[in-house]
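Remember, it's 1-based here, ligands and their atoms both numbered in the order they're listed.
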Amino acid sequence: MPLTVKPLTPVFAAEVTGVDINRPLSDAVFAEIRAAFDAYSILVFPGQPMTDKTQIAFSERFGPLEPTQKSNPATGTVFARQSNLDIKTGEPIPADDRRMWYQKANMLWHADSTFKKVTSLCSVLSARLVPEAGGATELASTRAAYDSLTEAQQAELEDLIVEHDIVYSRGLVGFEYTAEEAAEIPPNRHRLVRVNRNTGRKSLLIGVHAKEIVGWPWSKSRALLDDLLARATRPENTYRHEWRDGDVIVWDNQAAVHRATPYDTVKYRRLMQRTTISYSAEMKAMEAAAG
Ligand code: OGA
Ligand code: MN
C-alpha cells in the first residue's frame, strides 16, 4: 500500500495513510514522512494505536527526545501525560485538583517547550483514551501568520528576540508556582523568526509562553505578539482534530501553535501520551550546513 498524503486544509495539515508507524520504518519511507512534515507542519495518522515502546521508536526518527518536566505526572519518563486520570490509580482527578488546574493552560494557544533553553522540533501526541464528547485539539499555522505579513513587516521581525516564560503564561490562568519550582524554570530567549532547514519556509515562534520582545516597551511588545498570534489563529489558518481511538498527530512546534479544548473531566476518561522531540539536532544540522 503506497504512503498517501492528503491535505486537510488549503494552508497546512495533512492526513497520512498507507504506512504502519508502529513498525520499524525504512529510511526511504521515513524520508517521505519527514518531507510531508516539512511541507504541512501537521501530520495526522488516523487509527494507529501506539504503545509507549512504538511511540518512542517512531518519535526518535525525528530526533532526540526531551525528558519530561517535573510538573507533569509522567516526569522521569520521555512522556508528557495529558489526562484527567490519576497516573497511579487510573481514577478521574477531582476538577479542583492542582493537576487539572495546570492542564487548563493547555487551552491557550501555545507551542510546546518554547520556554525551555532548547526549543522543540515537534511533538507526537497519541490518543490512548478518547472521551465520548469534547477534547478536540486545535492547531494553527504560524507559517501562515508570517506569510500574511508584507515584506517590510517581515523585515522588521527578522532580528527580534522573544523572551518565553512559563511562570508568566501559567500565571495567566491563575496557576502559581512555588518560588522553588519557579527557580527551576527561568525564562529563555529565542529568535522570533524560524526557518525550516529543508524548505526554507519561515514561521514564527509565538504562543502563550512568548512574554515579550527583548528591548521593547511592554505595550508595544504585547501589541505585536498579540497581532502575530491573531494572524496565526485566523479560522482559515487553523485545523481542528476530533480524536478517534488510536489517532496520532505530529505537530511542528516551530511552525504551528495548538490548544486543547474542554471535555467533561468528571464523566469521561481522556489519556493522551506526548513525546517531544528536541530542536537540538536541527540546530546542529543547520550549523553543519552553514559550514
Ligand atoms: C500537548 C497539548 C492538547 C490536547 O500535549 O502538548 O497541548 O488536546 N495537548 O491534549
Ligand atoms: Mn501542548
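Using a cutoff of 4.0 Å between basic side-chain nitrogens and carboxylate oxygens, R143 and D252 are not scored as salt-bridged. Between E181 and R98 there is a salt bridge, since a side-chain N of the basic residue sits under 4.0 Å from a carboxylate O of the acidic one. Remark: D159 engages R191 in a salt bridge, criterion side-chain N to carboxylate O under 4.0 Å.
For E180, the CD atom sits in a loose shell: 12 or fewer heavy atoms of surrounding residues, nucleotides or ligands are nearer than 6.0 Å. Summarising the local packing, CD of E132 is surrounded by 12 or fewer heavy atoms from other residues, nucleotides or ligands at distances under 6.0 Å. More than 12 heavy atoms of other residues, nucleotides or ligands lie within 6.0 Å of CH2 in W216, so this atom counts as buried by the packing criterion.
Shown here are the side chain to side chain donor-acceptor pair (under 3.5 Å) partners of D264, two or more places apart in sequence or in another chain: there are none.
Ring geometry for H241 versus Y239: interplanar angle of 30 to 60°, hence tilted.
Listed by first and then second residue, the salt bridge (Lys or Arg N to Asp or Glu O under 4.0 Å) pairs that reach into residues 69-82 are K70-E184, sequence neighbours excluded.
Listed as neighbours of ligand 1 are Q82, N106, H110, D112, L125, T137, W251, H258, A260, R270, R274, each bearing a heavy atom under 4.0 Å from the ligand.
The distance cut-off of 2.8 Å around the Mn ion (ligand 2) captures these protein N, O or S atoms, sorted by chain and number: H110 NE2, D112 OD1, H258 NE2.
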